[in-house]
Colleague: 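Below are the structure tokens for one structure; questions will follow.
In what follows, chains are A, B, ... by sequence order, proteins preceding strands, each numbered from 1.
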There are 2 protein chains.
Amino acid sequence: MTTSSMKDVARTAGVSVGTVSNVLNRPEAVAEETKRRVLAAIAKLGYVRNDSARQLRAGRSRSVAIVVLDVANPFFTDVVRGAEPLVDSAGGVVTVCDSGEDVRREQRQLEILEEQRVLGLLITPVDDSSAERLERLTAHDIPVVLVDRGAGLHPHCSVAVDDVHGGRLAARHLVDRGHHSIAFIGGPMSIPQVRDRLAGCREVSEEAGVGLETFTSVSLNVAGGREAIEQMLRLPQVPTAVFCANDLVALGALQGLTMHGVKVPEECAIVGYDDIDFAAAAAVPLSSIRQPRAQLGRTAAQLLFDEIAEGKGHTHRNVVFQPELVARASTAVEM
Amino acid sequence: MTTSSMKDVARTAGVSVGTVSNVLNRPEAVAEETKRRVLAAIAKLGYVRNDSARQLRAGRSRSVAIVVLDVANPFFTDVVRGAEPLVDSAGGVVTVCDSGEDVRREQRQLEILEEQRVLGLLITPVDDSSAERLERLTAHDIPVVLVDRGAGLHPHCSVAVDDVHGGRLAARHLVDRGHHSIAFIGGPMSIPQVRDRLAGCREVSEEAGVGLETFTSVSLNVAGGREAIEQMLRLPQVPTAVFCANDLVALGALQGLTMHGVKVPEECAIVGYDDIDFAAAAAVPLSSIRQPRAQLGRTAAQLLFDEIAEGKGHTHRNVVFQPELVARASTAVEM
DNA sequence: CGGAATGATTGAATCGTTTCACGTGGGGGT
DNA sequence: ACCCCCACGTGAAACGATTCAATCATTCCG
């Protein structure tokens with residue numbers, strides 16, 4: 001028998017289990033001498049609290065789950081970083097889940113998180129198909145905060161960055177630089193952020209009478225960007241600028257273009273999205289649309305705890321941040 | 001009352017809780033008709049299993065924890081990625097914990113994980129101070145696999161890459177390129193990987209009669225690299241090459257050097273470590289020491305499940321991979 | 001037609017905490 | 001001397017699922 005329980009501790013200390021529990025949870029309510037004896041017993045037996053039993057009694061766990069599209073994307077790790085301190089100081093634990101942009105994985109994870117009765121959930125859903133399940137979580141008293149997702153659409157709190165506006169900023173920047181035909185790279189199109197960024201871009205390009213080709217990448221990562229460039233370069237008339245749905249795609253695009261001897265920014269400009277740290281450190285430092293990453297995480301966690309604290313009387317809040325353009329070498333040439 | 005239990009399901013289906021449990025866990029043992037009724041009740045009530053209760057009974061949870069030094073470091077996310085499929089297919093769940101190179105945080109997380117009775121633990125410990133606690137976990141039947149850590153030192157399974165050899169490879173490469181004085185950047189020195197990589201580097205530099213200055217960075221990230229370069233550039237005689245303890249530090253070093261107008265690789269060469277994807281995409285593509293990142297994760301998970309399966313009769317295995325040099329532009333000049 | 005074998009379901013014990021209504025004994029106030 | 005209150009402790013009842021021996025029907029076979 002390697003694991004000892006409260007009962008064992010109680011026995012060795014010559015007290016009741018209730019007292020052991022008190023030593024652990026309300027030390028001020030137990031006499032010095034007794035406390036000493038109990039602590040000694042705990043040390044001697046190497047007793048460790050059983051969280052399952054605790055949770056069973058409490059009805060909830062202490063973990064706050066964050067479900068992201070891609071843990072390997074620095075954007076998301078920065079969001080997680082932003083949320084962590086708050087959760088920590090509230091005595092919680094952060095659990096990171098990677099849905100990998102895969103609806104089925106996401107489903108499975110949500111199921112498990114629900115079974116675990118997590119304290120709350122921050123999530124960037126893959127697409128709209130999880131809406132139902134998320135509402136169900138809320139109905140089961142598990143607050144959900146949507147991260148980086150269009151506001152107001154769902155009965156949850158949310159933090160988001162105005163992606164349509166971000167798309168506009170990118171396109172406006174390229175138009176100002178004199179480009180007449182733009183390529184948009186991103187996908188899959190089921191991801192709302194991708195659609196929104198594209199929408200903003202389209203808005204500006206149409207208004208300015210500039211051509212817009214879209215290339216759907218399989219995934220929002222480096223490989224996706226590289227592959228999309230292959231397609232693009234097969235066009236009879238290759239666009240002189242690409243706007244990528246995120247920086248990983250942009251880095252992939254940069255690699256693809258360089259590999260084919262296309263000079264960036266002279267022959268083709270690039271604008272990315274997120275402004276992850278690596279964007280500035282790229283072969284050609286990337287112009288990008290900056291999002292307040294850590295702030296997103298921090299605010300999301302804050303909203304979550306607010307909702308928990310307010311309980312039933314809570315009204316959802318939807319916080320929207322504005323993105324900003326960071327111009328670097330990858331768009332440094334006038335056409 | 002928003003959450004229903006087995007008892008509720010049993011009542012609505014007109015059966016006993018034992019039967020409900022059977023429907024869920026051994027469906028073949030219950031009659032079709034009954035099963036239908038129970039499933040209907042489950043659907044109607046929106047019943048969700050309570051994992052805490054399950055675990056309490058089972059004595060273990062289903063989660064495999066991975067404790068890493070820095071989630072924002074692509075090296076670690078790749079390791080996690082490698083481990084995930086295996087854990088998944090074994091019906092487990094991955095929990096990622098970020099110790100942030102902070103011993104106290106690590107301690108706290110280990111405590112929590114022990115309380116949670118996790119299935120097992122993959123960990124890159126911050127330093128040796130957790131050895132005791134880790135042994136205690138093993139004693140409590142929680143298998144521990146050390147990731148990216150010197151083999152044989154501890155009573156656990158481990159997967160590692162030969163860091164001393166990696167350091168040698170880097171130094172050898174720089175010596176071959178004709179450098180006469182090398183700077184090592186990395187830290188804190190309490191991290192064993194840092195010490196080993198430095199040791200390998202020192203070995204070769206001494207053997208070759210080449211100068212070696214070491215700069216201790218506060219942390220193994222971009223900022224750490226940038227700051228170390230500030231120090232280095234104050235030297236009367238600035239080294240012509242730097243070997244960085246990982247790629248993030250190397251990227252920081254690259255930024256620092258560029259900011260001060262030092263040309264890479266003409267005036268100063270750089271070798272990184274890990275060969276993360278971003279290394280190849282950097283402003284000056286980085287030479288680096290490649291580690292089999294995903295393989296590390298995969299093997300670690302495999303060892304863990306082996307240990308669980310073998311039980312008491314298990315003997316620890318220590319798998320060591322060999323790193324390899326990937327030469328790119330950042331060392332492309334002969335001195 | 002009796003008895004055994006098979007199949008389906010039940011009920012109660014159990015996991016390890018937390019919580020709360022109750023003792024119990026001693027000390028202070030009047 | 002009496003009463004009351006306080007400070008400490010106790011014991012037992014939850015929490016929700018799993019498991020297993022026991023029960024109850026059937027069916028099958030000789």
Side-chain angles (χ1 to χ4, degrees), chain A residues 1-39 41-42 45-62 91 111-112 114-118 140-142, chain B residues 1-39 41-42 45-62 91 111-112 114-118 140-142:
Chain A
M1 185 196 57
T2 77
T3 326
S4 41
S5 72
M6 268 193 156
K7 209 173 347 178
D8 304 318
V9 174
R11 184 154 7 92
T12 16
V15 297
S16 75
V17 293
T19 302
V20 177
S21 174
N22 281 336
V23 170
L24 260 27
N25 301 314
R26 311 150 50 195
E28 73 286 354
V30 37
E32 276 314 316
E33 161 60 11
T34 320
K35 204 186 314 184
R36 261 200 330 89
R37 280 216 319 283
V38 171
L39 290 175
I42 288 180
L45 297 178
Y47 165 75
V48 178
R49 277 236 261 299
N50 184 323
D51 210 38
S52 311
R54 237 151 109 66
Q55 281 176 204
L56 172 58
R57 191 82 227 290
R60 308 219 76 70
S61 89
R62 290 174 296 162
E111 255 168 55
I112 291 175
E114 191 174 359
E115 291 184 0
Q116 296 187 156
R117 305 288 193 267
V118 290
H140 284 16
D141 274 339
I142 298 182
Chain B
M1 186 194 56
T2 78
T3 327
S4 41
S5 73
M6 268 196 158
K7 211 178 338 184
D8 304 319
V9 175
R11 185 154 4 94
T12 22
V15 297
S16 76
V17 293
T19 302
V20 177
S21 174
N22 281 336
V23 170
L24 261 27
N25 302 312
R26 310 150 52 194
E28 74 285 356
V30 38
E32 276 313 316
E33 161 60 12
T34 320
K35 203 187 314 182
R36 262 200 326 91
R37 281 218 316 283
V38 171
L39 290 176
I42 288 180
L45 297 177
Y47 165 76
V48 177
R49 274 235 259 304
N50 184 325
D51 211 38
S52 312
R54 238 150 109 66
Q55 282 177 205
L56 172 57
R57 194 78 227 290
R60 306 219 79 70
S61 89
R62 290 175 296 161
E111 255 168 54
I112 293 176
E114 192 174 358
E115 290 185 1
Q116 294 186 154
R117 306 287 194 268
V118 290
H140 284 16
D141 272 341
I142 298 183

Colleague: Please name all residues satisfying side chain to side chain donor-acceptor pair (under 3.5 Å) with B:Glu32, sequence neighbours left out, ordered by chain then number.
Modeller: B:Lys35

Colleague: Can you list everything that forms a salt bridge (charged side-chain N to carboxylate O under 4.0 Å, His left out) with B:Arg57? Sequence neighbours excluded, please.
Modeller: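 Checked B:Arg57 against salt bridge (charged side-chain N to carboxylate O under 4.0 Å, His left out); zero matches.
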
Colleague: Side chains of A:Asp141 and B:Thr3, heavy atoms from C-beta outward: is any pair under 4.5 Å?
Modeller: no

Colleague: Mind listing the side-chain donor-acceptor pairs of residues 17-24 of chain A below 3.5 Å, one per line with the distance, residues two or more places apart or on another chain?
Modeller:
{"residue": "A:Thr19", "atom": "OG1", "partner": "A:Ser16", "partner atom": "OG", "Å": "3.3"}
{"residue": "A:Ser21", "atom": "OG", "partner": "A:Asn25", "partner atom": "ND2", "Å": "3.2"}
{"residue": "A:Asn22", "atom": "OD1", "partner": "A:Arg26", "partner atom": "NH1", "Å": "3.3"}

Colleague: Not counting sequence neighbours, which residues clear side chain to side chain donor-acceptor pair (under 3.5 Å) with B:Arg11? List them please.
Modeller: B:Asp8

Colleague: Considering residues at least two apart in sequence or located in another chain, which fulfil the salt bridge (charged side-chain N to carboxylate O under 4.0 Å, His left out) criterion with B:Arg117?
Modeller: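 Applying salt bridge (charged side-chain N to carboxylate O under 4.0 Å, His left out) to B:Arg117 gives none.
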
Colleague: With B:Gln116, which residues qualify under side chain to side chain donor-acceptor pair (under 3.5 Å), at least two apart?
Modeller: none

Colleague: When the C1' atoms of the five terminal pairs at each end define the local axes, what inter-axis angle does the helix from C:dC1-D:dG30 to C:dT30-D:dA1 show, to 10 degrees?
Modeller: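 Its terminal axes enclose an angle near 50°.
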
Colleague: Do you know which two heavy atoms are closest between B:Val38 and B:Ala13, and how far apart they sit?
Modeller: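 That would be CA-CB, 3.9 Å.
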
Colleague: Pull out every residue in residues 28-35 of chain B that has a heavy atom closer than 4.0 Å to any atom of DNA chain C, ordered by number, or say none.
Modeller: B:Val30, B:Ala31, B:Thr34

Colleague: So how far is it from B:Arg49 CZ to A:Glu114 CD, rounded to the nearest 0.5 Å?
Modeller: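 Nearest 0.5 Å value for the CZ-CD distance: 12.5 Å.
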
Colleague: Measuring only between side-chain heavy atoms, which start at C-beta, is A:Arg60 closer than 4.5 Å to A:Ile142?
Modeller: yes

Colleague: Among all residues two or more places apart in sequence or in another chain, which pass the salt bridge (charged side-chain N to carboxylate O under 4.0 Å, His left out) test with B:Glu33?
Modeller: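 So B:Glu33 forms a salt bridge (charged side-chain N to carboxylate O under 4.0 Å, His left out) with B:Arg36, B:Arg37.
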
Colleague: What is the 5' to 3' range of DNA chain C, first to last nucleotide, that sits under 4.0 Å from any heavy atom of chain B?
Modeller: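 Reading along DNA chain C, I get C:dA8 to C:dG16.
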
Colleague: Holding to side chain to side chain donor-acceptor pair (under 3.5 Å), I want the full list of residues that pass it with B:Ser52, two or more places apart in sequence or in another chain.
Modeller: A:Gln55, B:Asn50

Colleague: Tell me, for nucleotides 11-21 of chain D in 5' to 3' order, what letter each nucleotide earns: B for a base near a protein heavy atom under 4.0 Å, S for only sugar-phosphate near one, - for neither?
Modeller: ---BBBBBB--

